[in-house]
Amino acid sequence: MSYQSRIESLKFRHSRIDKQISSEGGRPRPDERVLMCLKLQKLRLKEEIERLSA
């Protein structure tokens with residue numbers, strides 16, 4: 001897998017997690033543990049994208 005395709009894959013996963021965060025946050029009583037876990041995953045993906053892009 002090339003760097004560019006890896007980055008695109010990570011960006012896609014990042015976007016999916018962002019949608020999950022929005023969905024969970026929009027619930028009347030969002031599960032804070034789920035939100036924290038999703039945000040941590042999103043941050044890790046962002047960091048990997050930045051590392052590969054450098």
Side-chain angles (χ1 to χ4, degrees):
M1 180 180 282
S2 71
Y3 279 113
Q4 191 59 34
S5 61
R6 175 72 176 148
I7 291 170
E8 292 303 316
S9 173
L10 293 171
K11 286 181 179 180
F12 177 74
R13 288 173 49 200
H14 185 271
S15 147
R16 269 194 7 223
I17 290 174
D18 194 41
K19 289 176 186 173
Q20 288 177 307
I21 290 170
S22 294
S23 175
E24 182 66 31
R27 292 178 37 190
R29 294 185 59 182
D31 187 334
E32 294 301 321
R33 290 187 322 192
V34 169
L35 281 174
M36 183 178 65
C37 182
L38 288 170
K39 289 179 180 182
L40 183 59
Q41 288 177 24
K42 185 179 168 186
L43 178 61
R44 287 182 179 151
L45 287 171
K46 180 182 175 188
E47 289 171 346
E48 187 171 352
I49 291 167
E50 289 174 353
R51 184 180 57 80
L52 292 173
S53 297

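All of these numbers come straight from a predicted model, not from anything done at the bench. Below, each value reflects all heavy atoms present in this structure, side chains not excepted, and no hydrogens, waters or symmetry copies.
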Notebook entry, point to check: Could you state the interatomic distance from CD1 (Ile7) to CZ (Arg51), rounded to the nearest 0.5 Å?
Noted result: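 CZ of Arg51 is found 9.5 Å from CD1 of Ile7.
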
Notebook entry, point to check: Could you state the interatomic distance from CZ (Arg16) to CZ (Arg13), rounded to the nearest 0.5 Å?
Noted result: 7.5 Å

Check: Pairs in or reaching into residues 25-39: which pass salt bridge (charged side-chain N to carboxylate O under 4.0 Å, His left out), with residues at least two apart or in two chains?
Finding: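 Pairs touching residues 25-39 that pass the test: Glu24-Arg27.
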
Check: Looking at Leu45 and His14, what are the two nearest heavy atoms and their distance?
Finding: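 Shortest heavy-atom separation between Leu45 and His14 comes out as CD1-N, 3.7 Å.
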
Next item on the list: Identify the heavy atoms of Leu35 and Pro30 that sit nearest to each other, and give their distance.
Entry: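 Taking every non-hydrogen atom into account, CD1-CB, 3.9 Å.
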
Check: Could you go step by step and tell me if Leu40 and Met36 meet the side-chain contact (heavy atoms from CB on, under 4.5 Å) rule?
Finding: CA-CA 6 Å; Leu40 183 59; Met36 183 178 65; 5.7 Å; no

Notebook entry, point to check: Mind checking whether Ile49 and Leu52 sit in one hydrophobic cluster, side chains of I, L, V, M, F, W, Y counted as touching below 4.5 Å?
Noted result: yes

Next item on the list: Test Arg6 against Glu48 for side-chain contact (heavy atoms from CB on, under 4.5 Å), laying out the working first.
Entry: CA-CA 10 Å; Arg6 175 72 176 148; Glu48 187 171 352; 2.9 Å; yes

Note to self: Gln20 vs Ile17, test: side-chain contact (heavy atoms from CB on, under 4.5 Å). Steps then yes/no.
What the structure shows: CA-CA 5 Å; Gln20 288 177 307; Ile17 290 174; 3.8 Å; yes

Item checked: Pair Ser15-Lys19, side-chain contact (heavy atoms from CB on, under 4.5 Å): steps then yes or no -> CA-CA 6 Å; Ser15 147; Lys19 289 176 186 173; 4.1 Å; yes

